[in-house]
Amino acid sequence: MRSYILINGLSEQSLPVTDRGLAYGHGLFETVAVNLSVPIAWQDHLERLTEGAKRLAIPLPVNIQQLLEQDLIALLGLQQDVPQRQVLKITITRGCGGRGYAVDEAVPINRIVQLNPFPEYPDQPSQKGVAVTQCQTRLALSPQLAGMKHLNRLEQVLARAEWNDARIREGLVLDGEGFLVEGTMSNLFWSQGGNLYTPRLDRCGVKGIVRQKIISIAEQNGIAVHEGLYTPDSLADADEVFVCNSIIAIWPVTRFNCDQRQYPQWGVGPITRMLQSRLSAEGIY
Ligand SMILES: Cc1ncc(COP(=O)(O)O)c(C=O)c1O
């Protein structure tokens, strides 16, 4: 299956080399699951994009939602058979040029919208669980950028390059002070004694859309959610562990491979199952 791409609403494949996304990572992206042509958690993705754009002083057009929806409709229109599930990737950059780092205010943003095939996971990681490893790459503390899905993803690239054992599906990443932050492509939760725990993300890391949904669902179901600074040792006493993002939804973690210490093996527990079924009821796989 091929990918379908629009750049600024036009059927293009390339951008000028002066694009600031390429030069400086000056931009944002969103990865959105599309089910039966409907983008899942669409308003949440738009809100994160809009908030990130404000923080990076990227002037989004006032009708950005309409433009992106038109792009999606146009891309779907190019497909002969529309697959049930696809991945919509939106990239917004601060446009081309400027004098070095200085921005030329007159330059418009660039908008890249792609429809990609949904990844297949024949080994059913969301049912059977996955093994994760601990990455050596540390995330720098950067409150100014924390939470955003900006285009500077070099730490994730380095962390993901640390393993190539296909049985390991995710790597957990710590910050420079040794506290858990997230996975290379996901957010992290664990439960203990009926409470949920997740690292706070105001110093580094990406504030995931699914993470936010999970926090809301848990709270609606009377499960207290604690956001804090936790070391990997916290996982030693966890009852259930899982990672999440907009494409995988929830993958239960059954093993944590770490050189420093032994961790228990976990089953796929009731809190994880409840959250999975609530997300799937909302159309989020
Ligand atoms: C580094 C990182 N953290 C967290 C997430 C989860 O974000 P979301 O739930 O919005 O997909 C992602 C998603 O790609 C990610 O790359």
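Counting begins at 1 with the first residue of the sequence. Numbering of ligands and ligand atoms starts at 1, following listing order.
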Could you tabulate the donor-acceptor pairs under 3.5 Å formed by side-chain atoms of residues 61-68, not counting sequence neighbours?
residue : atom : partner : partner atom : Å
Q65     : NE2  : E69     : OE2          : 2.9

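For V107, the side chain to side chain contact (heavy atoms under 4.5 Å, CB included) partners two or more places apart in sequence, or in a different chain, are R94, D104.
In terms of modelled atom types and a separation under 3.5 Å, the side chain of W266 and the main chain of A238 share a donor-acceptor contact. Within the 3.5 Å criterion, the main-chain N or O of L15 finds no donor-acceptor partner in the side chain of D19. At distances below 3.5 Å, not a single donor-acceptor pair connects side-chain atoms of R111 with backbone N or O atoms of T93.
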Could you go through ligand 1 and list every pair where one of its N or O atoms sits under 3.5 Å from a protein N or O, giving the atom names and the distance to one decimal?
residue  : atom   : partner : partner atom : Å
ligand 1 : 3 (N)  : E182    : OE1          : 2.8
ligand 1 : 9 (O)  : I209    : N            : 3.1
ligand 1 : 9 (O)  : V210    : N            : 3.1
ligand 1 : 10 (O) : R48     : NH1          : 2.9
ligand 1 : 10 (O) : R48     : NH2          : 3.0
ligand 1 : 10 (O) : I209    : N            : 2.8
ligand 1 : 11 (O) : S246    : N            : 2.8
ligand 1 : 11 (O) : S246    : OG           : 2.8
ligand 1 : 14 (O) : K149    : NZ           : 2.8

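Pairs of residues two or more places apart, or lying in two chains, that qualify as salt bridge (charged side-chain N to carboxylate O under 4.0 Å, His left out) and include a residue from residues 159-168 are D165-R167.
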